[in-house]
Amino acid sequence: MTEYTADEMMTVTAARALRDGMTCFVGIGLPSAAANLARARHAPNLVLIYESGTIGAKPDTLPLSIGDGILALTADAVVSVPEIFNYWLQPGRIDVGFLGAAQVDRFGNINTTVIGPDYDQPKVRLPGAGGAPEIAASCREVIIVLRQRERTFVDSVDFITSVGFGAGPGSRQRLGLGGAGPQKIITDLGVLQPSPHTAEFVLTGVYPGVLVSDVQRQTGWDLQVSAELAEIPAPLPEELAALRALQAASAEGTEA
Amino acid sequence: MTEYTADEMMTVTAARALRDGMTCFVGIGLPSAAANLARARHAPNLVLIYESGTIGAKPDTLPLSIGDGILALTADAVVSVPEIFNYWLQPGRIDVGFLGAAQVDRFGNINTTVIGPDYDQPKVRLPGAGGAPEIAASCREVIIVLRQRERTFVDSVDFITSVGFGAGPGSRQRLGLGGAGPQKIITDLGVLQPSPHTAEFVLTGVYPGVLVSDVQRQTGWDLQVSAELAEIPAPLPEELAALRALQAASAEGTEA
Amino acid sequence: MAEIVSLAEAIERTVNDGDTVAMEGFTHLIPHAAGHEVIRQRRRRLILVRMTPDIIYDQMIGAGCASKLVFSWGGNPGVGSLHRFRDAVENSWPAPLELEEHSHAGMANRYVAGASGLPFAVLRGYRGTGLASRGAGIADISCPFTGEKLTAVSALRPDVAVIHAQQADLAGNVQLWGITGVQKEAVLAAQRSVVTVEEIVDTLEPRPGGIVLPGWAISYVAEAKGGAHPSYALGYSVRDNDFYLAWDQISRDRATFSRWLDEHVLGATPSGARQVSSARPGAVR
Amino acid sequence: MAEIVSLAEAIERTVNDGDTVAMEGFTHLIPHAAGHEVIRQRRRRLILVRMTPDIIYDQMIGAGCASKLVFSWGGNPGVGSLHRFRDAVENSWPAPLELEEHSHAGMANRYVAGASGLPFAVLRGYRGTGLASRGAGIADISCPFTGEKLTAVSALRPDVAVIHAQQADLAGNVQLWGITGVQKEAVLAAQRSVVTVEEIVDTLEPRPGGIVLPGWAISYVAEAKGGAHPSYALGYSVRDNDFYLAWDQISRDRATFSRWLDEHVLGATPSGARQVSSARPGAVR
């Protein structure tokens, strides 16, 4: 069996979550790698949308910023930043949005603003919201991707930058948020999904060799385990080969 | 002296009202002829803006619609219809707007909607508002152009499609209208301008051979005459030649 | 993903009696062939939406397709009145026509709101006009920061939007260029959409001034060469100004209009291309 | 009509201490040369506005130009933190930095409102977030037609907007293409504007995807070849990804940053072109 890294496992798992023909709002880093891996393999008609305004970008290397020239040059359409948010994201046209996080809580609320209880005296000042609040509100569904650690999977986030399920069931409806909210948190240990009853994220899948107790130890709330807990298959050699080819191509692109 | 028609006199007078470098929101017909005449003669840098979204159009023939291909092909920029109204007209970027009318009243309010007292049972159903209400509201100043007849120059319009000075002094401020309002009504008999005190249009200029009493007879209100009433000079041969050349070129354009 | 079908099929699958239908194109790229197909399919009680209901809606109103018109300027551009529109409003022929009347800026912003998934848009407009006091879909709104009074207009969300464009590719991506008006907003505001095109090409080549609507945001694409006539498609055809002039005569009385309709629309094949040439004024009288 | 002047003159004539300054460019076409000129002219107490205050604002903040930042995402794209921004927020070095924090959608709509001459814009956004409860310029608003609760954001109306574009012509008309971001809105929202360009050409040739800002809507145009570096100008340069990586090291401590600033900005000539090559990471350490 081929060796692979935890990040590769995460990326492959995220790629598998995308179906052909979907429209996908992509950020840079792991989400972009996952989306492009899906496009290279099982979802050739996946439509990649970047907040820079590129719709239907078809990069053959992994872009290093959301505004790389390759995105504009390969897109079906390039629109302004106001348009991408107002005409394309806001009305709920986009099937799935990928979000990262510095902290995520049991209801899938995301913090990318400040670490520490006092906004004005932050322990760590993070980059802030970017496109995330409206991606979280308006994409038909959201997939959150981040490494699972006790300090990032917290009972309650220090600051709600982007709303998952708010305070629990019914919150999204009360707030008038159009999309279904986060349907998966894909980590380096496994996959969490929201309980339909409590809206709390529970463990539904683990990677080969990962113990449930490992995942629970890295979670800041009392992580429940689904009755249908699955072991997620390791990356196929073809998946790994495709991902590594993409990454090699983009490393080359940088040198050039 | 060269013979000329009343429409030619009107067009030349309207053209003279435009200064070089101005930005001008143009409708089809006489305003377009006037603006292009000005551009051909004393105002080569006049910026013509049509509501079809063409900014800086430089037609060498008179377009027959506000969306002729020649406008798009010669424009500095072509923008969407929402953009022309929102980004360009609404903020007050445009110096002067030309408006026609079916009826105009003593305060320069314009009707292009219905003739008759009952909107639902109109004597004549007119085309309606088009871009006029916002041109009237937001251009830095407005020039109204129409033939002067008793039935069109009325004491009070049947329907206010576009606001001039509303009910008189202070109305525009109370309504929050950004532009200065109509500064001239150019007719086939002469020119009317608003009194700074009453906001009522008074006769400030007559064409050669036109008597003040002729103009008053064709006005549905008790038309006052400015103390500085001027005789407006007849079209210069060069003005007529330029106007006729434009019109000949556009007639040819239609044949082709 | 847009399905590429015939024009007749596209209209059959999208336009039902009673639907709210927006056919857009600002002077340029007016979807006349599609309008004729709606007439041929004898759709009734349509709520027709269009900033400039010119000849195309004059024909549809005269043919009895419409019960209501939502619009901002109803004239024959550069020529004069729309006689069928006036006859409907002034004399209820062939049927009464309810009006919902706006300004261009208001209509454009109503489409923008629809395309943006918002229930309303805000503009500086209408204040002091008769439109404001009459208008459905017009209301005062105050700025929550400055207190300033502005105007809100309600979103347009047509059941169907129909536009004409120069090109589509095999995946149904559409490109239009030249004066692009409010067509993108109309398509994005609507539940369903039909785009007729001058031609279907293998691959769209990006054009200066071109806008591209991705195929996944469109319901149906149909080829209709010359489908904008007497309007034009930049790069493919020129505006038939003579037809606009001739229309004034054709449409002036009911009998002449009805004969024209029988001969050039109802009796024509459902192809945008062919009926265009026979509809030229030379053939009319 | 835009006046064509040197970059130093353009900044001198437009940017005053205490001004609200928006320098825009979304990854592409970031006006770095203009930012360096503001640093060289030692402007102070600026309210800096920008959706993505990346390296350019990290430099300006570290150089002490800013007292407040209005923004939606403050990171080094694809790399990590902005250390000068964090040092200002976390430790008030070199000066305290007040924050006015929004989302991208909110900032984009604030520019749209500014460009449209409206005091606010409406969007679906912020609801349930910490931004809404903190945010200056964020308020609830109800739809006057449906009663639905939405969010209003106040307009941005900077004193000065600065952007970088590929080309201007001799009349000061500007064309940019590729990813065009929010630059048109920023220029139209501002009282005054500066556009730096890769080159001044006799006539602009319309490009696919190009947008043109007419010269009469711009205050000053200045040539600054390479003026986007380490960002890029499509068709002229590529993004210097290595510099973004190197910046993480350069900016991490105050002394290294200050040396870099002295050498590559304060000690450089006021030409966008020359300082670009010397600022390449190879030359840095």
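Below, read A as the first sequence line, B as the second, and so on, with proteins coming before strands; counting in each chain starts at 1. Below, each value reflects all heavy atoms present in this structure, side chains not excepted, and no hydrogens, waters or symmetry copies.
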For the residue pair [X] and [Y], establish whether any side-chain heavy-atom pair is separated by less than 4.5 Å.
{"X": "Leu150(C)", "Y": "Pro119(D)", "answer": "yes"}
{"X": "Arg207(C)", "Y": "Pro208(D)", "answer": "no"}
{"X": "Phe120(D)", "Y": "Pro144(C)", "answer": "yes"}

Exercise. Judged by atom type as modelled, is there a donor-acceptor pair below 3.5 Å linking the side chain of Arg124(C) to the main-chain atoms of Leu118(D)?
Worked result: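 No.
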
At a heavy-atom separation under 4.5 Å, does [X] approach chain D through its side chain, its backbone, both, or neither?
{"X": "Ser142(C)", "result": "backbone"}
{"X": "Ile211(C)", "result": "neither"}
{"X": "Ile141(C)", "result": "side chain"}

Problem set entry | For chain C, the option from Cys143(D), Ala139(D), Ala155(D), Gly209(D) that forms the most heavy-atom pairs under 4.5 Å |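 Among the listed options, the one with the most contacts to chain C is Cys143(D).
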
Exercise. For chain C, which of Thr146(D), Val153(D), Val212(D) has the most heavy-atom pairs under 4.5 Å?
Worked result: Val153(D)

Exercise. Where on Ser154(D) is there a heavy atom nearer than 4.5 Å to chain C: the side chain, the backbone, both, or neither?
Worked result: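 Contact with chain C is through both the backbone and side chain of Ser154(D).
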
Exercise. Can you tell which of Gly117(C), Ala113(C), Ser116(C) has the highest number of heavy-atom pairs within less than 4.5 Å of chain D?
Worked result: Gly117(C)

Problem set entry | Closest contact, heavy atoms only, Ala152(D) versus Phe145(C) |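 Minimum heavy-atom contact is O-CZ, 3.5 Å.
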
